[in-house]
Amino acid sequence: MTYEQKLSIKETVPFLREHGTQLTGYFYERMFSHNPELKNIFNMGNQANGKQKNALASTVLAYAEHIETPEVLTEVLKSIGNKHVSLNIAPEQYDIVGYHLLSSIKEVLKEKATSSIIEAWAQAYHELAAIMISIEEKMFQKNAEKKGGWKGWRTFVIANIVEESNTVKSFYLVPKDGGAIAEYLPGQYISVKMFVPSLGHEQPRQYSLSSTYMPSHYRISVKKEKGNAKTPDGLVSNCLHEKKIGDEVLVSVPAGSFFANILPEDSIVLISGGVGLTPLMSILETCKALNNKNKVIWIHGCKNEELHAFKSKVANLEHNNDWLTSFVFYEDGLTENSSVKKGRVDLSVLKDKILINKAKYYICGPEPFIKAHYHSLITFGASKESIFYEEFGPQLLQIKE
């Protein structure tokens, strides 16, 4: 990009700050109208609740704000790349997105969309697409080179279903072709795709792998998402909960930039809210499998005991291993003891127990949950380099110090 083009991009920053979601909302409406086949790729639930347009607006704004130093967005782009690879996004689809994005900028900005601004955004998008395609091609190649790896969608069969709580079921998935499956790091996810009758087309979703790696199968643990006045029922989770042993689903190779690199000298603190415990369950089981006897503290919060997935599994593991200590907060709790607390997760209650030498902190849950506990840890004196977090759904969270 030329210096003048970068200045043109920066001219649009005030508009993007104030009207970014209007632009991205219009963009998605336009794209799905002209290319309805893309509804098989995009999460239409996040289209309905507005999360996707908010996430894209944040990304476009961040790119415009850092147009002179795009390298600061490298980790964010890698995370997006992981999602794209898990959805088998092809380079030619960037052309479709670029066409509709530029058309949307013209149509929303109207007379403000000068030729210099459109030319600048065309070049900016071209350079960004080239970066993303390069990142993703390396990921595709790495996945294909793994033992048991593959590219695109592969048919898996549901071998077993286990109820973990009133709302969470674990699905054990084995490859239909009987071949090997790729390894993964604890905390990563797979994408699952299936036909949704109410929509009339396929839908993909990312689900965290909830166990340590096993060469025979993948395990995902899925909450049946019930809607309310503001949000509909979870389209894919409800369909998945109706599946039976022997049914088939399409699966992509494991991906994700949130994972634990478990070293023998590390202490580990797991902090989860609701179904956010699933990737942390993978970390916990991997600690057990490694037999390093890392000190592990797990703090979990949920509405009540009936909704506490993996409750007995974690309790049994804690009973048989002195390296694990767990605490749980129940919003509707009736009684308290040394390990069960009433109310929402309050890290200050356990401050002395979680401030451990060489500790790594892994947080997973909704955006407000992550943000609150990230800042609590920083206030306690934990370094930001020791804190890792995973937000389910489109990346909306941008924690600022």
Side-chain angles (χ1 to χ4, degrees), residues 186-187 212 258-305 307-391 397 399-401:
T212 188
F258 172 81
F259 56 83
N261 179 23
I262 302 170
L263 302 175
E265 64 270 20
D266 290 339
S267 295
I268 295 171
V269 178
L270 309 174
I271 305 167
S272 57
V275 76
L277 86 175
T278 52
L280 306 192
M281 193 69 192
S282 178
I283 296 174
L284 180 64
E285 289 193 1
T286 302
C287 286
K288 179 179 182 295
L290 290 173
N291 199 30
N292 288 335
K293 294 184 169 51
N294 299 80
K295 183 178 181 62
V296 179
I297 307 291
W298 192 346
I299 302 163
H300 178 62
C302 60
K303 192 168 182 60
N304 55 50
E305 192 171 359
L307 299 180
H308 186 176
F310 297 110
K311 179 177 180 293
S312 60
K313 288 183 174 66
V314 174
N316 289 335
L317 192 59
E318 182 176 7
H319 178 75
N320 295 316
N321 297 275
D322 58 8
W323 49 263
L324 172 62
T325 304
S326 69
F327 301 91
V328 63
F329 289 76
Y330 293 133
E331 291 182 33
D332 297 339
L334 298 176
T335 60
E336 284 191 312
N337 56 44
S338 60
S339 61
V340 178
K341 312 293 181 184
K342 289 183 185 180
R344 299 187 176 186
V345 173
D346 181 358
L347 295 186
S348 65
V349 175
L350 303 169
K351 178 180 176 181
D352 293 340
K353 298 183 183 300
I354 63 176
L355 287 180
I356 310 168
N357 187 36
K358 292 187 177 180
K360 289 181 178 177
Y361 302 87
Y362 299 90
I363 315 173
C364 189
E367 176 190 354
F369 181 92
I370 298 173
K371 200 167 187 177
H373 301 310
Y374 178 95
H375 284 299
S376 289
L377 292 172
I378 294 295
T379 300
F380 296 163
S383 67
K384 64 179 182 179
E385 293 79 15
S386 68
I387 306 172
F388 309 88
Y389 57 87
E390 174 81 328
E391 179 187 3
L397 183 59
I399 292 176
K400 296 180 180 179
E401 300 303 326

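As a basis for the values below, the full set of heavy atoms in this structure was taken, side chains included, without hydrogen atoms, waters or symmetry mates. Computed from a predicted structure; not experimentally measured.
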| Steps toward side chain to side chain contact (heavy atoms under 4.5 Å, CB included) verdict (His373, Val345) | CA-CA 9 Å; His373 301 310; Val345 173; 3.6 Å; yes
| Pair listing, ring-ring contact (aromatic ring centres under 6.0 Å, His included) test, anchored in residues 319-356, at least two apart | His308-Tyr330
| field | Closest contact, heavy atoms only, Leu284 versus Val314 | value | CD2-CG2, 4.2 Å
| query | Taking side chain as C-beta onward, heavy atoms only, is Leu317 less than 4.5 Å from Lys288? | reply | yes
| Evaluation steps, side chain to side chain contact (heavy atoms under 4.5 Å, CB included), between Ile387 and Ile378 | CA-CA 9 Å; Ile387 306 172; Ile378 294 295; 3.8 Å; yes
| request: Please name the pair of heavy atoms, one in Gly273 and one in Pro366, separated by the smallest distance, quoted to 0.1 Å. | output: O-CD, 4.3 Å
| task | Mark yes or no for whether Thr379, through its side chain, and His375, through its backbone, hold a donor-acceptor pair below 3.5 Å. | result | yes
| Can you name the closest pair of heavy atoms from Gly187 and Ser282 and give their distance? | N-OG, 3.8 Å
| Going from CD1 on Ile299 to NZ on Lys353, what distance comes out if it is rounded to the nearest 0.5 angstrom? | 10.0 Å
| request: Find out whether Pro186 and Ile262 are in side-chain contact, i.e. whether some heavy atom of one side chain is under 4.5 Å from a heavy atom of the other. | output: yes
| said: Tell me whether Asn304 contacts the main-chain N or O of Asp332 through its side chain, where contact means a donor paired with an acceptor under 3.5 Å. | reply: no
| query | Can you tell me how far the OH atom of Tyr389 sits from the CD1 atom of Ile370, to the nearest 0.5 Å? | reply | 7.5 Å
| From NZ (Lys360) to OG (Ser386), nearest 0.5 Å | 9.5 Å
| request: Look up atom NZ in Lys351 and atom CG in Leu377, then write down how far apart they are to the nearest 0.5 Å. | output: 11.0 Å
| said: For Leu263, is there any backbone N or O sitting under 3.5 Å from a side-chain donor or acceptor partner on Asn294? | reply: yes
| task | Tell me, with the steps shown, if Val340 and Glu336 meet side chain to side chain contact (heavy atoms under 4.5 Å, CB included). | result | CA-CA 5 Å; Val340 178; Glu336 284 191 312; 5.8 Å; no
| said: On a heavy-atom basis, which atom in His300 and which in Gly274 lie closest, and how many Å separate them? | reply: CE1-O, 3.0 Å
| query | Side chains of Leu270 and Ile268: does their closest heavy-atom pair fall under 4.5 Å? | reply | yes
| task | Have a look at Trp298 and tell me which of Ile271, Leu277, Thr325, Val269 forms a side-chain contact (heavy atoms from CB on, under 4.5 Å) with it. | result | Leu277
| task | Just do the salt bridge (Lys or Arg N to Asp or Glu O under 4.0 Å) check on Asp266 and Lys358 with the steps written out, would you? | result | CA-CA 6 Å; Asp266 290 339; Lys358 292 187 177 180; over 6 Å; no
| Between Asp346 and Ser348, is there a donor-acceptor pair closer than 3.5 Å when you use the side chain of the first and the backbone of the second? | yes
| message | Nearest 0.5 Å, please: how far is OH in Tyr374 from CZ in Phe369? | response | 15.5 Å
| message | So for atom CG, which belongs to Asn320, do other residues, nucleotides or ligands contribute more than 12 heavy atoms lying within a distance under 6.0 Å? | response | yes
| Under the ring-ring contact (aromatic ring centres under 6.0 Å, His included) test, residues paired with Tyr361 that sit two or more places apart | none
| remark: Rounding to 0.5 Å, atoms CD1 (Ile363) and CZ (Phe258) come to a distance of 8.5 Å
| Step by step, would you call Glu265 with Asn292 a side chain to side chain contact (heavy atoms under 4.5 Å, CB included)? | CA-CA 9 Å; Glu265 64 270 20; Asn292 288 335; over 6 Å; no
| message | Quick check against the 3.5 Å criterion: does Glu331 have a side-chain atom that pairs as donor or acceptor with the backbone of Arg344? | response | no
